[in-house]
Amino acid sequence: MTGGARKEGLSRRHRFAGRGAFMAALRSPRKIRGTASLLHILPGVPGASRLGLALPKRLARRAVDRNRLKRLAREVFRRHEAKRLGLDLVIAPRQAFARGDAAAWVAEVGALLDRVAAER
RNA sequence: GAAGCAGGCCGGACGGUCGCCGUAUCGCAGUUCGCGGUGCGGAGGAAAGUCGGGACUCCACAGGGCAGCGUAGCGGGUAACUCCCGUCCGCCGCGAGGCGCGGAUCAGAGGAACAGAGACGAGUCCGUCGGGCAACUGGCGGGGUGAAACGGCCAAUCUCUACGCGGAGCAACACCAAAUAGGCAGACGACGACGCGGCCCGCCGAGUCUGCGGGUAGGUGGCUAGAGCGGCGCGGCAACGCGCCGCCCAGAGGAAUGAUCGUCGUAUCGCCGCGAGGCGAUAACAGAAUCCCGCUUACAGGCUUGCUUCACAU
């Protein structure tokens, strides 16, 4: 981490490497409850937060839909200040989003990240 | 022109901005990890269901048989198949065409609704001729039932025949390898226990150090040049094969291929306009996971080839 990373970038270090760290974040006692999902928080590597999604097949049957939710969440995250807080974040939706209702999902993710940033 | 049959193909295009993955190269760091710039590449016809077949790994394995499972006109194609092609037969359609688990009753077992006197065992409901006192019995003929009535049917019931088939799967498999706990070997080892035990000596010993092997997290390989794609030629009715030339075409790994804007298109719907047209909204099924060949299923809309029937015209 010698050089400065691009401002809106989201490279590999913002993802989870391996199952271990991901499960640890899921078991973390710190969480924020949104309208339709839960955000697990665990202190991680300083300077670079990591974002993951716990999305069971039950909530999004088709692989296309799961990919879409993940990409939209990542898109919100890479432009958000929470990216630099050095936290391991895992979003776990609790209910299915209607097909094509991308706006509601984007708003949900944005609201959760805003609250994370505000707590600091 | 109308209705239809059988195929083939496409499945928005181009360009900015912000990002992601791989790779080559340059710079920073310079042992690596890494960061940044630039170039190039980056989902599908089904990537899907995981149904059939193979390649590839590991395990098992003398040979043969039995059992089990699969396939089933005939011939061909293929690495192989339950796939594909050709053809015969049967059924359906005026036709182009479509559909078909289409081997065998020589051996054995089993089965047949309803109707019918009687249904796989053999016999006798009716008529008639004969024998007999009669019960009964022998011959001949016929009606009716039904898919079928001493003569067959079903093998999509077992069976028989011929041929094929070991098991598990890339989370296979190979390698590197923290921390923690435990294992093995060696060394040291307290004024510790045991040997009559005070010294020497032997032995046990918590612990310390060193080495070794198994193995988890994690990492690397497998992992993308292939039964590959595109031309042309030759052989073949065809599936397909052979030869020559050209091309390199995703390799992620809690899993990249995204977001947004503009221009131009296509279809449908709504509104405006006499009209040419204009404005707005929506856009199918669906996302690689070791790789291939098939099959099946889903799909907005569009392009195209050959053929059939009917109608019209010449």
Side-chain angles (χ1 to χ4, degrees):
Chain A
M1 238 155 292
T2 319
R6 282 167 290 182
K7 282 187 180 61
E8 299 188 348
L10 185 79
S11 61
R12 204 179 287 288
R13 68 171 123 72
H14 295 293
R15 287 188 235 149
F16 284 96
R19 192 174 298 266
F22 187 84
M23 293 310 288
L26 260 184
R27 279 192 297 268
S28 160
R30 256 187 91 193
K31 13 189 124 138
I32 294 180
R33 203 175 297 279
T35 56
S37 31
L38 215 59
L39 176 63
H40 300 263
I41 304 171
L42 191 71
V45 184
S49 294
R50 293 191 290 186
L51 179 73
L53 223 63
L55 184 61
K57 226 174 199 174
R58 178 170 47 82
L59 293 183
R61 180 62 57 188
R62 300 185 309 164
V64 196
D65 297 330
R66 290 194 298 276
N67 277 341
R68 179 138 187 85
L69 290 177
K70 195 178 298 180
R71 285 162 177 166
L72 287 171
R74 227 202 299 283
E75 197 63 27
V76 174
F77 176 73
R78 64 171 258 251
R79 296 174 186 276
H80 202 278
E81 57 178 318
K83 192 181 76 173
R84 284 184 303 278
L85 295 180
L87 302 170
D88 282 351
L89 306 170
V90 175
I91 302 179
R94 312 300 295 175
Q95 54 181 263
F97 280 79
R99 276 173 76 165
D101 194 11
W105 169 246
V106 168
E108 169 85 3
V109 174
L112 284 171
L113 292 181
D114 283 344
R115 288 170 60 186
V116 170
E119 282 191 7
R120 274 283 161 125

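Within every chain, numbering begins at 1; the chains are lettered A, B, ... in the order of the sequence lines, protein sequences first and strands thereafter. None of these values were measured; they are calculated from a predicted model.
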Any donor-acceptor pair under 3.5 Å from A/Arg66 side chain to A/Leu59 backbone: no

Going through the distances and angles, do A/Leu89 and A/Leu113 end up as a side-chain contact (heavy atoms from CB on, under 4.5 Å)? CA-CA 9 Å; A/Leu89 306 170; A/Leu113 292 181; 4.0 Å; yes

B/G15 versus B/A79 - spacing of their P atoms, nearest Å: 42 Å

Answer for the Watson-Crick or wobble partner of B/C194, both distances under 3.5 Å, is B/G202

Of all the choices, B/A43, B/A286, B/A259, which nucleotide is nearest to the side chain of A/Arg68 once you look at every atom? B/A259

Less than 4.0 angstrom between a side-chain N/O of A/Arg61 and OP1 or OP2 of B/G49, yes or no? no

Determine which nucleotide pairs with B/G182, using a 3.5 Å limit on both distances of a Watson-Crick or G-U wobble pair. none

Identified pairing partner of B/G258, criterion: Watson-Crick or G-U wobble below 3.5 Å: B/C18

Determine, using the 4.5 Å side-chain heavy-atom cutoff (strictly less than), whether A/Leu51 and A/Leu72 are members of one ILVMFWY cluster. yes

Nearest-angstrom distance, P atom, B/C247 to B/A2: 49 Å

Which base sits across from B/C279 as a Watson-Crick or G-U pair, both distances under 3.5 Å? B/G270

Taking atom P in both B/G164 and B/A48, compute the distance separating them and give it to the nearest angstrom. 34 Å

Would A/Asp88 and A/His40 count as having a side-chain donor-acceptor pair, cut-off 3.5 Å? no

Nearest-neighbour nucleotide for the A/Val64 side chain, B/G19, B/A256, B/G287 considered: B/G287

Syn-anti status, with the boundary at 90° from 0, for the nucleotide B/A43: syn

For B/C140, the Watson-Crick or wobble counterpart (both distances under 3.5 Å): B/G127

Which glycosidic conformation, syn or anti, is assigned to B/C92 if syn requires a torsion within 90° of zero? anti

What interatomic distance, in whole Å, is found between C1' of B/G258 and the corresponding atom of B/C165? 48 Å

The side chain of A/Arg62 is closest to which nucleotide in this list: B/A255, B/A286, B/A288? B/A286

If the glycosidic angle is within 90 degrees of 0 it's syn, otherwise anti, so just tell me which one B/G111 is. anti

Run the side chain to side chain contact (heavy atoms under 4.5 Å, CB included) test against A/Ala36 and tell me which residues pass, sequence neighbours left out. A/Gln95, A/Phe97, A/Glu108

Given the C1' atoms of B/A96 and B/G4, what is the spacing between them in whole Å? 9 Å

Pairing nucleotide - B/G213, Watson-Crick or G-U, each distance under 3.5 Å: none

Go nucleotide by nucleotide along RNA chain B from the 5' end; which of A/Arg66 and A/Leu72 gets its closest nucleotide reached first? A/Leu72

OP1 or OP2 of B/G19 less than 4.0 angstrom from a side-chain nitrogen or oxygen of A/Arg71, does that happen here? no

Taking the same atom, C1', in B/A178 and in B/C59, what whole-Å distance lies between them? 32 Å

What is the pairing partner of B/A112, taking Watson-Crick or G-U wobble pairs with both distances under 3.5 Å in any strand? none

Anti or syn - B/G121, cut at 90° from 0: syn

Side chain of A/Ser49, backbone of A/Leu87: donor and acceptor closer than 3.5 Å? yes

Any strand is fair game: report the nucleotide pairing with B/C5 by Watson-Crick or G-U wobble, both distances under 3.5 Å, or none. B/G306

Select one nucleotide: of B/A286, B/A259, B/A43, the one nearest the side-chain heavy atoms of A/Asn67. B/A43

Whole-Å P distance, B/C92 and B/A288: 47 Å

With P as the reference atom in both, quote the distance from B/G86 to B/A239 in angstrom, rounded to an integer. 8 Å

